Every structure is written in C-alpha cells, then in structure tokens.
Amino acid sequence: MSTNPAPGVKHGYFKKLSRYYLWYTGAFGLFLAALALLEQEGMPRLWIGYLFMFATIALYAIIGVICRTSNVTEYYVAGRRVPAMFNGMATAADWISAASFISLAGGLYLQGFDGLAFIMGWTGGFVLVALLIAPYLRKFAQYTVPDFLAARYGGGAGGRGGPVRALAVSATILVSFTYVVAQIYAVGLIASRFTGVDFSVGIFLGLASILVCSFLGGMRAITWTQVAQYIILLVAFLIPTMWLSVKHADNPIPQVAYGSLLPKLTAREAELARDPREAQVRAEFLRRADGYAARVAALPESWEAGKLDAQRQLAAARARNASLTEVRQAERALTTYPNSVDDARALWLERRDANLERASPPEPHAQPFPGATPEASDARRNNFLAVVFCLMFGTAALPHILMRAYTTPSVHETRVSVFWTLFFILLIYLTIPALAVLAKYDIYTSLVGSDFSSLPTWISYWANVDKANPLISVADINGDGIVQLAEFAIDADVLVLATPEIGGLPYVISGLVAAGGLAAALSTADGLLLAISNALSHDVYYKMVEPGASTQKRVTISKLLLLAVAFIAAYVASQKPADILSLVAAAFSLAGSTLFPVLVLGVFWKRANHIGAITGMVTGFAVCLYYMLRASPGLGGSAAETWFGILPMAAGVFGVPAGLLTVIVVSLLTPRPSRASAGMVDYIRAPEQR
C-alpha cells in the first residue's frame with residue numbers, strides 16, 4: 001500500500017505553502033521600499049547595512065525556531081512531504097552557494113569565455129542527477145548517501161556494508177567540510193563589509209544564523225529557510241543586473257541586452273590594447289616581475305641583502321627623527337620581510353607571477369580560448385572541458401544535494417523536483433554572464449580613463465575591507481593622474497557585492513545584494529553541515545556504534561556533532577585558506593572521484609560488488625588528491641608537474657575514470673555480489689506504482 005498523501009491533501013498543503021510565501025515575498029518588498037524611503041530621508045548607510053543583515057538573519061532564526069523538531073524523519077528528511085516545486089526551490093538555494101552568487105560573475109569578469117565552464121558544468125550536473133541518481137535514491141527511501149551505498153554493496157561484518165559505509169562517510173565529511181569552509185568565508189566577507197566588524201567576528205555572527213536553523217530543526221527547518229533564502233537571493237541578483245541593463249542597453253532583460261553590448265565591449269578592449277599609456281603601465285609591471293625573478297635567481301644572497309637593507313632603512317629613519325608614518329612603514333617592511341630563504345622564494349615567485357599577469361594585455365571577453373600560440377589555445381580548451389567534466393560529475397555526487405532526493409513524497413515528485421531545481425538555478429545562471437559583461441563595460445567606460453582625483457567612493461570602501469590583501473586596488477603606476485585598466489585590480493569575490501555601487505545604484509540595493517549573498521552562503525552552509533552531522537550521527541553512531549540508540553538520542557547526537565563541526569569550519573575559514581572558487585572546485589573533484597563511480601554503478605550494474613566499491617573509492621580519491629598535491633603550488637606542488645597541462649582544480653578528470661575503471665575491474669575479478677544486492681537493484685529501478 002502506498003504511504004503517499006492523498007492528492008487532495010497534497011494540493012491543500014501546496015496551496016497553504018504558496019500562500020505563506022506569497023505573503024512573505026510581499027512583506028519583503030515592503031521592507032525594501034521602506035528602507036529606500038529611509039535612505040532618501042538621510043538614514044546612514046551603516047544603519048541600512050545593519051538592518052539588512054540582522055533582519056534577514058532574524059527571519060531565518062524565526063523559521064528555525066518555528067520548525068524545531070526532534071522527530072528522526074522530520075530532522076533527517078523533512079518528513080518526506082516537501083512538494084516538488086518547493087523542494088526544487090530549496091535545492092536551488094542549497095546549490096546557489098557563495099561561489100555561484102558572489103564569485104562566479106567575478107570569475108567571468110576576469111576569465112571571460114573560460115568562466116562559462118562553471119556555468120555549463122554545474123548546470124549539466126543536474127541533468128546527471130535527474131537521470132542517473134536522484135529517483136533511485138528516493139525509491140531506496142532511507143536517510144543518507146552512505147546508507148544507500150552500504151545497503152547496495154554489503155560486505156563487512158554480517159554483510160551490513162560497514163567498510164563501504166565508513167569510506168562513504170569519510171568522503172561525505174571531507175567534501176562537505178571543504179565546501180562549507182568556502183561558504184563561511186563568504187559570510188565573513190559580507191558581514192565585515194556591511195556591518196564594519198572584523199572579518200573573523202563576521203564569520204561567527206553568520207555562524208549563529210546557520211546554527212539556529214540547522215541545529216533546532218534539521219532538514220525540516222533548513223528546507224523552509226532555503227525557500228525563503230532563494231526568494232531573497234533571486235531578487236538581489238536580478239534588480240542590480242536589470243538596472244545596469246537599462247543603463248547601458250535600454251533593455252530591462254539582461255539575458256537579451258548583453259548580447260548587444262558584447263560588440264561594444266570588444267571594441268573597447270581593442271582600444272585599450274592599443275593605448276600607449278596602457279602599454280607603459282604594463283611595461284612597468286613587467287619590469288617589476290623581472291626584478292622579483294632576479295631576486296629569486298640570486299637566492300640566498302638576495303634574501304640576506306634585503307634583510308640588511310630593511311634593517312638599515314629602519315635605523316636611518318629613527319636616526320634622522322623621521323615622521324611617525326615613515327618609521328612605521330620601515331618597521332612594517334622589516335616585520336613583514338620573509339623569515340627564511342624558502343619563504344622568500346615562495347613570496348617572490350608569487351609576486352613575480354602576479355606582476356606578469358598584470359603585464360599581459362586584456363584578453364577579449366568573448367573570444368574562446370585565446371592564446372599566443374595554437375598550443376596555448378589548445379591547453380585552455382582542454383582545461384575548459386576538464387573543468388566542465390569535473391563539475392558535472394562532482395554535482396552528481398554531492399551528498400548535501402543528493403540528500404534532498406529523500407525529502408519528496410514520491411519518486412515522481414523527485415523527478416519533477418529536479419526539473420524545478422534546474423528552472424530556479426537557470427534564472428540565476430542565465431543572468432550571471434550578463435552581469436559580468438555589464439559590470440565590465442561599466443568599469444571599462446566609466447572608471448578607466450577617469451582622473452585619480454575623482455575616484456568613486458566604492459573603491460576606498462572595498463580597498464579597506466581587508467587591508468592585508470586588498471579586494472580592490474588602484475595605483476597611479478605611470479604618474480599621469482589618469483586611471484588605466486592595468487592600474488586597476490579587482491578580486492573575483494567582490495564584483496557582485498560591489499556591482500550596485502559600480503553602477504551608481506542607491507545604497508539600499510547594495511544592502512539587498514549583501515543580503516542575497518548572505519542567503520546564498522547560509523543556505524548552502526546549512527545543507528552541508530547537516531550532511532556532515534547526519535553522516536556522523538546516523539551512519540557512524542547509529543549504524544556502527546550503537547544500533548539500539550533511541551530516536552531522541554540520535555537527533556541529540558546529530559545536533560551536538562553539527563555544533564562541533566560548525567565551529568571547526570568557522571575557525572578554518574577565519575584563516576582564509578584560499579579563494580572561494582578554488583575551494584569549491586576542489587570539493588567537486590573529490591566528490592566526483594570518490595562517490596560518483598560507486599553511486600552510478602550501484603544503480604546500473606548489478607555485477608559491482610563491495611570489494612570493487614571499496615577499491616574504487618580509495619583509488620578515485622587517491623588519484624585525485626595526489627594530482628592536487630602534485631600540481632598545486634598552494635599545496636606544495638608545482639605547476640610544472642601537471643599531466644597534459646590540466647589545472648589542479650580539475651583533478652577529477654583523472655580521479656573519476658580511475659575510480660570507475662577500478663570498480664569494474666576489481667568487481668569482475670572477485671565473487672559476484674549477493675542475491676539481495678541484485679534484488680535491491682531491481683527494486684530501485686522498477687517503475688513506481690502511482
């Protein structure tokens with residue numbers, strides 16, 4: 001007998017939810033209008049930032065309190081009664097992380113055509129989710145991804161799949177933790193900009209909001225919070241983009257308007273590439289790069305000479321009673337000087353590469369795979385395809401996304417839910433390339449060529465958010481008093497947050513965009529933390545340590561573990577380990593390499609057994625991690641050690657095939673899986689009786 005709710009009950013529940021969220025959307029619109037009026041009346045910008053941040057965080061906290069639960073099914077899978085459209089909206093919010101909302105448009109601004117790899121890979125991954133994995137997980141009807149893999153492959157003591165479960169839990173924790181660090185980093189970035197608090201303090205302020213939702217209500221609270229967050233981030237992304245679209249193309253539909261703007265941008269790029277003043281600035285950056293290269297070549301003598309020079313400069317400044325500013329600069333130069341020859345080599349190589357990058361002429365935004373030689377162009381094309389591959393297969397294996405397949409009332413609703421997820425994601429993803437072009441055109445035509453004496457205020461705002469590593473920098477390199485493109489640098493993580501100010505919009509829109517970025521980061525962080533805590537409490541504690549634990553104890557353990565993981569992730573994020581896109585790309589490569597082969601073969605190939613699954617997961621993970629360590633300078637490797645020139649962020653292009661091949665070969669060389677395993681495959685693939 002089906003346990004699904006009757007159609008009339010489901011329809012009534014859907015109508016009630018629709019009514020609630022329509023009221024919520026209307027109230028949010030009134031809140032925006034009220035803040036716009038208050039800004040017109042002279043309310044300080046800082047207060048607008050505070051109101052946006054704390055009003056939205058309070059809203060998510062209220063939903064978390066209302067939806068608190070200790071019921072296992074409600075806590076783990078929201079009672080399996082989330083309608084397809086709302087599950088699609090919640091999954092889209094879960095998916096549109098800080099990397100998508102904050103960094104992706106900035107990546108497209110800096111990389112041009114190459115940045116489309118992220119759009120294509122992340123969107124295409126949901127096609128794989130819909131076709132290959134999500135409906136079958138829902139038919140299985142348990143709680144977590146390790147649950148499915150343990151039941152499918154068996155093995156271990158009593159055939160309960162303990163080794164497979166342990167490996168799947170480890171992969172879930174590693175992938176989700178890497179990903180959640182990026183989200184919490186983004187929370188700190190937004191909070192520090194719009195409330196003026198220190199970056200580390202901003203991280204823990206955002207953490208409070210995350211914990212109220214996920215700690216009290218688990219998947220139930222997270223689901224309804226994510227629907228509310230999606231509405232905010234959609235409005236926050238569309239309004240400034242539409243504004244810029246009207247400003248530059250007289251068309252409120254940015255997805256259409258930016259096509260007419262691309263030829264103008266291309267013409268402006270060509271003009272700047274020919275400008276002799278731009279060439280002068282680029283020559284200066286090249287000279288600086290050569291200087292750092294010479295210092296590296298002269299090590300260790302250059303390090304010793306540099307340290308002595310810094311000491312002499314400080315002593316001379318003090319001896320002649322120089323100004324306090326000059327003395328402080330000399331002190332800072334000495335204290336920040338590399339502590340060892342190895343530190344000097346790493347720092348000077350990094351600065352050499354940064355100056356070489358700024359010495360290069362601007363690449364045409366719309367040109368696919370530009371390169372000085374056919375070989376260089378081919379290398380960029382290969383990396384583009386490799387990144388698309390990794391992001392697609394990584395998406396299809398992310399535990400916090402696949403968990404949402406368990407929350408719908410039926411297999412059919414899960415399939416429909418993935419359609420709605422793609423629809424809601426595309427509303428954002430089709431707008432991101434437009435925003436990158438519109439913002440780039442604005443900067444290239446409004447900022448470049450202006451006087452340094454009349455720089456807009458948003459440059460100083462963002463330059464002071466992180467003084468150690470400025471998010472925006474402008475310096476008059478050639479001393480002509482005019483801003484050249486080569487003299488301007490912007491971090492990918494700040495473009496979207498600064499877009500309203502770049503376009504000259506009211507500050508209330510800046511607050512709205514910050515609220516949208518915060519919603520994107522918090523919604524994904526909630527899902528990731530729950531995936532980690534559920535894997536630890538359900539798959540490790542309940543399934544492997546204490547199978548007789550009560551439901552109340554299981555939920556309590558999950559909440560405590562969630563709290564611990566959240567604080568560890570916040571601490572790691574406060575150390576600023578890498579930029580957001582790099583962290584996220586690493587998570588996707590690891591997820592695809594470790595989990596995708598065993599998930600898809602577990603559904604579609606009965607011959608796959610537990611020995612094949614174990615060796616496949618270990619091999620895929622090991623190959624992926626080895627390549628990252630080998631080819632990533634940030635992890636102690638070298639860019640010269642790449643295979644076929646593939647970037648370390650695309651390590652999954654080697655890990656996924658290695659994992660697939662290992663599962664297949666080892667399964668064929670070892671005994672067949674049990675009859676129960678084959679029967680489970682038949683069950684999950686049988687059409688649902690509706």
Side-chain angles (χ1 to χ4, degrees), residues 60-61 63-65 67-80 82 86-87 89-98 137 142-148 168-169 171-184 187 206-230 397-408 519-543 551 554-570 587 591 595:
Y60 308 146
I63 296 175
V65 171
C67 297
R68 63 190 183 279
T69 183
S70 293
N71 179 282
V72 169
T73 304
E74 290 284 353
Y75 191 86
Y76 284 157
V77 290
R80 303 194 202 278
V82 183
F86 287 99
N87 198 58
M89 198 178 292
T91 308
D94 207 348
W95 176 249
I96 298 171
S97 63
L137 284 181
Q142 289 299 312
Y143 296 120
T144 65
V145 170
D147 247 352
F148 168 76
V169 168
T172 296
I173 293 170
L174 180 64
V175 169
S176 300
F177 188 83
T178 305
Y179 205 167
V180 81
V181 166
Q183 310 313 310
I184 296 177
V187 169
L207 191 65
S209 172
I210 296 170
L211 291 176
V212 170
C213 294
S214 48
F215 181 80
L216 293 176
M219 183 64 83
R220 178 186 179 185
I222 287 173
T223 297
W224 305 123
T225 305
Q226 285 172 338
V227 174
Q229 287 165 332
Y230 178 80
L398 280 181
H400 76 289
I401 294 297
L402 296 180
M403 277 172 58
R404 298 222 61 93
Y406 291 124
T407 61
T408 56
L522 294 178
S523 61
T524 305
D526 278 332
L528 290 163
L529 288 172
L530 190 66
I532 295 171
S533 66
N534 285 359
L536 289 169
S537 64
H538 177 75
D539 291 295
V540 176
Y541 177 75
Y542 176 61
K543 291 289 186 176
T551 56
R554 289 162 60 190
V555 172
T556 301
I557 291 291
S558 181
K559 290 179 178 181
L560 293 174
L561 288 168
L562 188 145
L563 196 65
V565 171
F567 277 102
I568 294 170
L595 294 174

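All of these numbers come straight from a predicted model, not from anything done at the bench. What you see below is based on every heavy atom in this structure, not just the backbone, and it leaves out hydrogens, waters and symmetry mates.
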**Q.** Atom pair CZ (Arg80) and CD (Glu74), whose distance is rounded to the nearest 0.5 Å
**A.** 10.5 Å
(Q) If I take atom CD1 from residue Ile568 and atom CG from residue Leu563, how far apart are they, to the nearest 0.5 angstrom? (A) 10.0 Å
(Q) Given 3.5 Å as the limit, does a donor-acceptor pair link the side chain of Thr524 with the main chain of Ala521, or not? (A) no
Q: Output yes when a side-chain donor or acceptor of Thr172 lies under 3.5 Å from a complementary backbone atom of Ala168, and no otherwise.
A: yes
Q: List the atom of Pro399, the atom of Val145, and the distance in Å for their closest heavy-atom pair.
A: CA-CG2, 4.2 Å
**Q.** Separation of Tyr60 OH from Ser523 OG (nearest 0.5 Å)
**A.** 8.0 Å
**Q.** Minimum heavy-atom distance between Thr73 and Asn71, given as atom pair plus value
**A.** N-OD1, 3.0 Å
Q | Side-chain (Arg404) to main-chain (Ile401) donor-acceptor, under 3.5 angstrom | A | no
Q. What distance do Thr407 atom OG1 and Ile222 atom CD1 have between them, rounded to the nearest 0.5 Å?
A. 11.5 Å
**Q.** Any residue meeting ring-ring contact (aromatic ring centres under 6.0 Å, His included) with His400, in chain and number order, not counting sequence neighbours
**A.** Tyr179
Q.
Between Val82 and Trp224, is the side-chain contact (heavy atoms from CB on, under 4.5 Å) condition met? List the steps.
A. CA-CA 9 Å; Val82 183; Trp224 305 123; 4.0 Å; yes
**Q.** Partners passing ring-ring contact (aromatic ring centres under 6.0 Å, His included) against Phe177 (at least two apart in sequence or in another chain)
**A.** none
Q | Exercise: identify the closest heavy-atom pair between Leu530 and Met219 | A | CD2-N, 3.4 Å
Q | Verdict with supporting geometry, Val565 and Leu536, side-chain contact (heavy atoms from CB on, under 4.5 Å) | A | CA-CA 10 Å; Val565 171; Leu536 289 169; 4.3 Å; yes
(Q) Quick check against the 3.5 Å criterion: does Ser176 have a side-chain atom that pairs as donor or acceptor with the backbone of Ala531? (A) no
Q) If you measure from CD1 on Ile173 to OG1 on Thr178, what distance do you get to the nearest 0.5 Å? A) 11.5 Å
Q) Side chains of Thr408 and Asn87: do they bring a donor and an acceptor to under 3.5 Å? A) no
(Q) Taking side-chain contact (heavy atoms from CB on, under 4.5 Å) as the criterion, tell me which of Tyr143, Tyr75, Tyr542 meets it with Asn534. (A) Tyr75
Q. By ring-ring contact (aromatic ring centres under 6.0 Å, His included), which residues pair with Tyr406, not counting sequence neighbours?
A. none
Q | Heavy-atom closest contact (Leu398 atom, Ala591 atom, distance) | A | CD2-CB, 3.9 Å
Q | Short side-chain donor-acceptor distance under 3.5 Å, Tyr76 and Ser537 | A | yes
Q | Residue pair Lys543, His538: steps toward the side-chain contact (heavy atoms from CB on, under 4.5 Å) verdict | A | CA-CA 6 Å; Lys543 291 289 186 176; His538 177 75; 3.6 Å; yes
(Q) Could you walk me through whether Asp147 and Asp539 satisfy the side-chain contact (heavy atoms from CB on, under 4.5 Å) test, starting with their C-alpha distance in whole Å, then the side-chain angles of each, then the deciding distance to 0.1 Å, before giving a yes or no? (A) CA-CA 7 Å; Asp147 247 352; Asp539 291 295; 3.6 Å; yes
Q) Measuring from Gln183:CD to Leu529:CG, what's the distance to the nearest 0.5 Å? A) 10.0 Å
Q. Taking C-beta and beyond as the side chain, do Val555 and Val72 meet within less than 4.5 Å on heavy atoms?
A. yes
**Q.** Minimal non-hydrogen separation, Ala569 against Ile184, with atom names
**A.** CB-CD1, 3.7 Å
Q: Search all heavy atoms of Ala78 against all heavy atoms of Thr223 and return the closest pair with its distance.
A: CB-OG1, 4.0 Å
